A.B. asks: 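Quick one: this structure, given as structure tokens, is what I'll be asking you about.
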Amino acid sequence: MSTTQPQGSDQGRLARGAKIAQITPVHARVGTRNQLLVKVVTEDGLIGWGESGLSAREHSVAATIAHFAEFLIGQDSRQIGRIWQESYRSQYFEGGRVFTAAISAIDIALHDILGKRLGVPVYQLLGGKQRDVIPTFASCMGSSADELLEKARILVDAGWTCIRTYPSSFGPEVFDPRASLQQTADELIAIRKEFGRAITLGIDLHHRLTVPETVNFCSMMPRGTLDFIEEPIRAETPEAYAVLRGMIDIPFAVGEEFSSKWEAARFLESGMTQYMRLDICNIGGFTEAMKVAGWCERHYVDLMPHNPLGPVCTAATVHMSAAVPNYSWLETRQSVVEQDLGFHDPELFPVQVDMQGPVYIVPDTPGLGVEVNEELIAQQTPEHVEPPHLRRPDGSVTNW
């Protein structure tokens, strides 16, 4: 085997070719939601794709990406960690979800490029894969208890052993937590009765409850009904989570709101989550997500990644999930009961991570393993999106 290293002139050409030539936000309608992709191109023509996770606020992220591009164009695309630090620290008011959503998309695209440059899948840049397939959990909701139970049956028949549901009595504008608690509890009890311990069962409360509402809700079900509760309350005040953690014994799945390792640390150091729901498209891309994953490992917390977007987010999360030892399930929106969402449109993304039943197959192609039909996606005009402004029955505003 030759050990000859590139001569200085060759190294210079390589460095010049690896410089960032273009950073372009691509805002498009994909299925029933908008997606904000980022295309990064190097001077030697390599293309990398990233995705931002700040849904419904894509214009703000796109403006930040354009700002970052002003000082990132011309930099060496291989210096990913340094680019992350400069993007994060080059202003007085550092951090925040808009900034880190922009950094996430660029960071993912740079990893895609580096994998392609070296001819290896991204997980090799993260230490190699520790699993060949990525188990997922699927979500289901229904307009009635019977419909919800039927969708759960469809998922179980298709091979899923981890299922997540949502609260009942949730209208388009009004949400009355107290009115929904008993109905939701009854639905979960029915699902548990149907499948016994053959499935892992959780619920996404979407941070819509208060501490006492969450405690009351849990008291309505026999112990063992739920295996995890996702985001029961908002995460701004960790002390409130600490109080809640001391009042109920169901594992928490928290973290999709986090935009940094510093936010995650407060929950990990205090034992306030048992599953880390980090979103690689919000927390800071691979660079930040892998640091949080290591911190989770120290505290025996498994990753349960948030993944509600499109094929680029899915591919990035699959590579990350393959490379970490502490992992449980990856959220998927491609299950047999959510096919109509259209987030992974094969015409727009002709190459993407393969899903077989309830698992993703870890790809071995260089980079992320995603290709985008740029001509077609440019025709997918994004729609104006404003999340529901929910109110309680008394007219006061509550959490979406």
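Start at 1 with the first residue, then count along the sequence. Every value quoted in this text rests on a predicted model; they were computed, and no experiment measured them.
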A.B. asks: What about F267 and F252, are their ring centers closer than 6.0 Å?
C.D. replies: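 Ring centres of F252 and F267 not closer than 6.0 Å.
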A.B. asks: Is the number of heavy atoms from other residues, nucleotides or ligands under 6.0 Å of E375 CD greater than 12?
C.D. replies: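 Open.
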A.B. asks: Strictly below 4.0 Å, N to O, side chains only: are E383 and R33 in salt-bridge contact?
C.D. replies: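 Judged by the 4.0 Å cut-off on N to carboxylate O distance, E383 and R33 do not form a salt bridge.
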A.B. asks: Is any NZ, NE, NH1 or NH2 atom of the basic residue among D227 and R192 found under 4.0 Å from an Asp or Glu carboxylate oxygen of the other?
C.D. replies: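 Counted as a salt bridge, because a side-chain N and a carboxylate O are separated by less than 4.0 Å.
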A.B. asks: Would you mind reporting whether P232 and V211 have side-chain heavy atoms less than 4.5 Å apart?
C.D. replies: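 The answer is no; the side chains never approach within 4.5 Å.
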A.B. asks: I'd like to know if R153 and D157 make a salt bridge, using a cut-off of under 4.0 Å between side-chain N and carboxylate O.
C.D. replies: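 Answer for the salt bridge query: no.
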A.B. asks: Is the shortest side-chain N to carboxylate O distance from E43 to K19 below 4.0 Å?
C.D. replies: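 No.
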A.B. asks: Count the heavy atoms belonging to other residues, nucleotides or ligands that lie under 6.0 Å from CZ of R223, then report whether that count exceeds 12.
C.D. replies: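 Count not over threshold, so no.
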A.B. asks: Which class fits the ring pair F71 and F68: parallel under 30°, tilted 30 to 60°, perpendicular over 60°?
C.D. replies: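 Rings of F71 and F68: perpendicular, over 60°.
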A.B. asks: Using side-chain heavy atoms (C-beta onward) and a distance below 4.5 Å, is V26 in contact with L36?
C.D. replies: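 Result no, sub-4.5 Å side-chain heavy-atom pair not found.
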A.B. asks: Taking E239 first and then R245, would you say they form a salt bridge - that is, a charged N and a carboxylate O separated by under 4.0 Å?
C.D. replies: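 Not counted as a salt bridge, because no side-chain N and carboxylate O are separated by less than 4.0 Å.
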A.B. asks: Begin with the C-alpha distance, continue with both residues' side-chain angles, and end with the deciding distance and a verdict on side chain to side chain donor-acceptor pair (under 3.5 Å) for Q334 and Y360.
C.D. replies: CA-CA 10 Å; Q334 292 181 268; Y360 287 111; 2.6 Å; yes
A.B. asks: Thinking salt bridges, do R78 and D76 make one under a 4.0 Å N-O criterion?
C.D. replies: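 Salt bridge: yes.
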A.B. asks: State, without any angle test, whether S143 and E147 hold a side-chain donor-acceptor pair at a distance under 3.5 Å.
C.D. replies: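 There is such a pair between these side chains.
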A.B. asks: Below 4.0 angstrom, N of the basic side chain to O of the carboxylate: do K39 and E374 qualify?
C.D. replies: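 Between E374 and K39 there is a salt bridge, with a charged N closer than 4.0 Å to a carboxylate O.
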A.B. asks: Can K291 be said to sit on top of W84's aromatic six-ring, NZ or CZ under 6.0 Å from centre and within 45° of the ring axis?
C.D. replies: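 Yes - K291 lies over the ring of W84, closer than 6.0 Å to its centre and within 45° of its axis.
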A.B. asks: For the OG1 atom of T24 and the CD1 atom of I47, what is their distance to the nearest 0.5 Å?
C.D. replies: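 So the gap between those two atoms works out to 10.0 Å.
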A.B. asks: Verify whether the ring centers belonging to F258 and W295 lie closer than 6.0 Å.
C.D. replies: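 No, ring centres 6.0 Å or more apart.
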A.B. asks: Inspect the contact between K129 and D364 and indicate whether a charged nitrogen and a carboxylate oxygen are less than 4.0 angstrom apart.
C.D. replies: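 Result for this pair is yes, salt bridge flagged.
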A.B. asks: How are the rings of F286 and H111 set to each other: parallel, tilted or perpendicular (split at 30° and 60°)?
C.D. replies: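 The rings of F286 and H111 sit tilted, inter-plane angle from 30° to 60°.
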A.B. asks: Do E231 and R208 sit within salt-bridge range, that is, some charged N less than 4.0 Å from a carboxylate O?
C.D. replies: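 Looking at E231 and R208, the cut-off is not met.
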